[in-house]
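Shown next, in structure tokens, is the structure this report addresses.
Small disclaimer: the values here were computed from a predicted structure and weren't measured. Positions are given from 1 along the sequence. Hydrogens, waters and symmetry mates are skipped; everything else that's a heavy atom, side chains included, is used.
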Amino acid sequence: MNWDIIYEHFIVKLKELLQTMWGWLLVLCGFIADFIGGYEMAITSVIVVVILDAFWGIWAAVKQGKYARSELARDSMSKIAAYGSALLILILIEQNVQWDSALLTSVIASLICATELWSISGNILIVNPNAVFFKLLRPALKGEIARKLGIGEDKVDEVLDGKNKEDNNNAKTTDE
């Protein structure tokens with residue numbers, strides 16, 4: 001094998017790559033991917049829960065008869081950017097301190113996922129007030145549901161129970 005030719009081709013391709021903005025961007029993305037390589041589960045989890053929250057948020061908006069605006073997509077993108085920034089800073093801290101584990105990042109990512117699950121649970125109850133597991137959480141989620149519906153906490157049961165009756169009536173007329 002002729003190492004001189006391999007080395008020469010590598011240098012030529014590297015020069016070509018670094019002569020364009022896209023080449024530099026590709027190098028930067030590669031560097032970032034390598035840098036955060038051990039943190040992929042935390043980052044992936046946060047992105048997935050934000051997307052799930054957006055999905056359930058849109059469904060809840062449609063169920064309420066509200067227009068699912070592009071604002072929801074912007075909110076989701078800003079959440080991903082904000083959470084991503086926080087995680088990146090934590091990764092930098094962990095790398096600078098040279099910790100062997102990603103404990104801090106994992107804990108913060110878990111807290112982010114938990115807050116998004118809270119939001120998702122509220123949206124699920126708006127979409128389907130009879131969802132068994134989430135119905136168990138309903139008393140704890142009243143504040144979240146009230147904020148999403150724009151009503152007082154004292155009206156949540158009334159609204160959700162009204163949706164149950166409405167859904168049951170719609171199901172009966174469909175069956176007939």
Check against side-chain contact (heavy atoms from CB on, under 4.5 Å), Thr44 and Tyr39: CA-CA 9 Å; Thr44 302; Tyr39 299 90; over 6 Å; no

When hydrophobic residues are tied together by side-chain contacts of less than 4.5 Å, even through go-betweens, does [X] share a cluster with [Y]?
X	Y	answer
Val127	Val132	no
Phe133	Ile120	yes
Val49	Leu137	no
Leu87	Val97	yes
Ile51	Leu117	no

Intermediate values then yes/no, side-chain contact (heavy atoms from CB on, under 4.5 Å), Trp24 and Thr20: CA-CA 7 Å; Trp24 279 100; Thr20 67; over 6 Å; no

Residues that Ser119 engages under side chain to side chain donor-acceptor pair (under 3.5 Å), provided they are two or more places apart: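 Ser119 satisfies side chain to side chain donor-acceptor pair (under 3.5 Å) with Asp53, Lys148 only.
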
Sub-4.5 Å side-chain heavy-atom contact between Lys63 and Asn128: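 No, their side chains stay 4.5 Å or more apart.
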
Pair Asp154-Lys142, salt bridge (charged side-chain N to carboxylate O under 4.0 Å, His left out): steps then yes or no: CA-CA 8 Å; Asp154 55 328; Lys142 279 188 180 179; over 6 Å; no

Salt bridge present between Lys135 and Asp161 (N-O < 4.0 angstrom):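 Asp161 and Lys135: not salt-bridged.
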
Verdict with supporting geometry, Glu116 and Leu52, side-chain contact (heavy atoms from CB on, under 4.5 Å): CA-CA 9 Å; Glu116 290 300 308; Leu52 285 172; over 6 Å; no

Glu153 vs Ile145, side-chain contact (heavy atoms from CB on, under 4.5 Å): CA-CA, chis, key distance, verdict: CA-CA 8 Å; Glu153 285 186 41; Ile145 295 168; over 6 Å; no

Parallel, tilted or perpendicular: rings of Trp59 and Phe55 (30°, 60°):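 Perpendicular: the ring planes of Phe55 and Trp59 meet at over 60°.
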
Distance in Å, Tyr83 OH paired with Ser78 OG, rounded so as to fall on 0.5 Å steps: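 So the OH of Tyr83 and the OG of Ser78 are separated by 9.0 Å.
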
Lys79 side, atom NZ; Thr115 side, atom OG1 - distance, nearest 0.5 Å: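 Output value for this atom pair is 7.5 Å.
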
Name of the residue among Ile43, Val50, Val46 meeting side-chain contact (heavy atoms from CB on, under 4.5 Å) with Ile80: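 So, applying the side-chain contact (heavy atoms from CB on, under 4.5 Å) to Ile80 and each of Ile43, Val50, Val46, only Val50 qualifies.
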
For the student: nearest non-hydrogen atoms of Ile124 and Ala131, plus distance: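 Answer, listing the atom of Ile124 first, then Ala131: CG2-CB, 4.0 Å.
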
Minimum heavy-atom distance Leu90-Leu104, with the two atoms named: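 For Leu90 versus Leu104, the nearest heavy atoms are CD2-CD2, 3.5 Å.
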
Candidate pair Ser121 and Glu144, rule side chain to side chain donor-acceptor pair (under 3.5 Å), full reasoning: CA-CA 9 Å; Ser121 299; Glu144 180 72 16; over 6 Å; no

Listed partners of Leu111 passing side-chain contact (heavy atoms from CB on, under 4.5 Å), at least two apart: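 Leu111 satisfies side-chain contact (heavy atoms from CB on, under 4.5 Å) with Val107, Ile108 only.
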
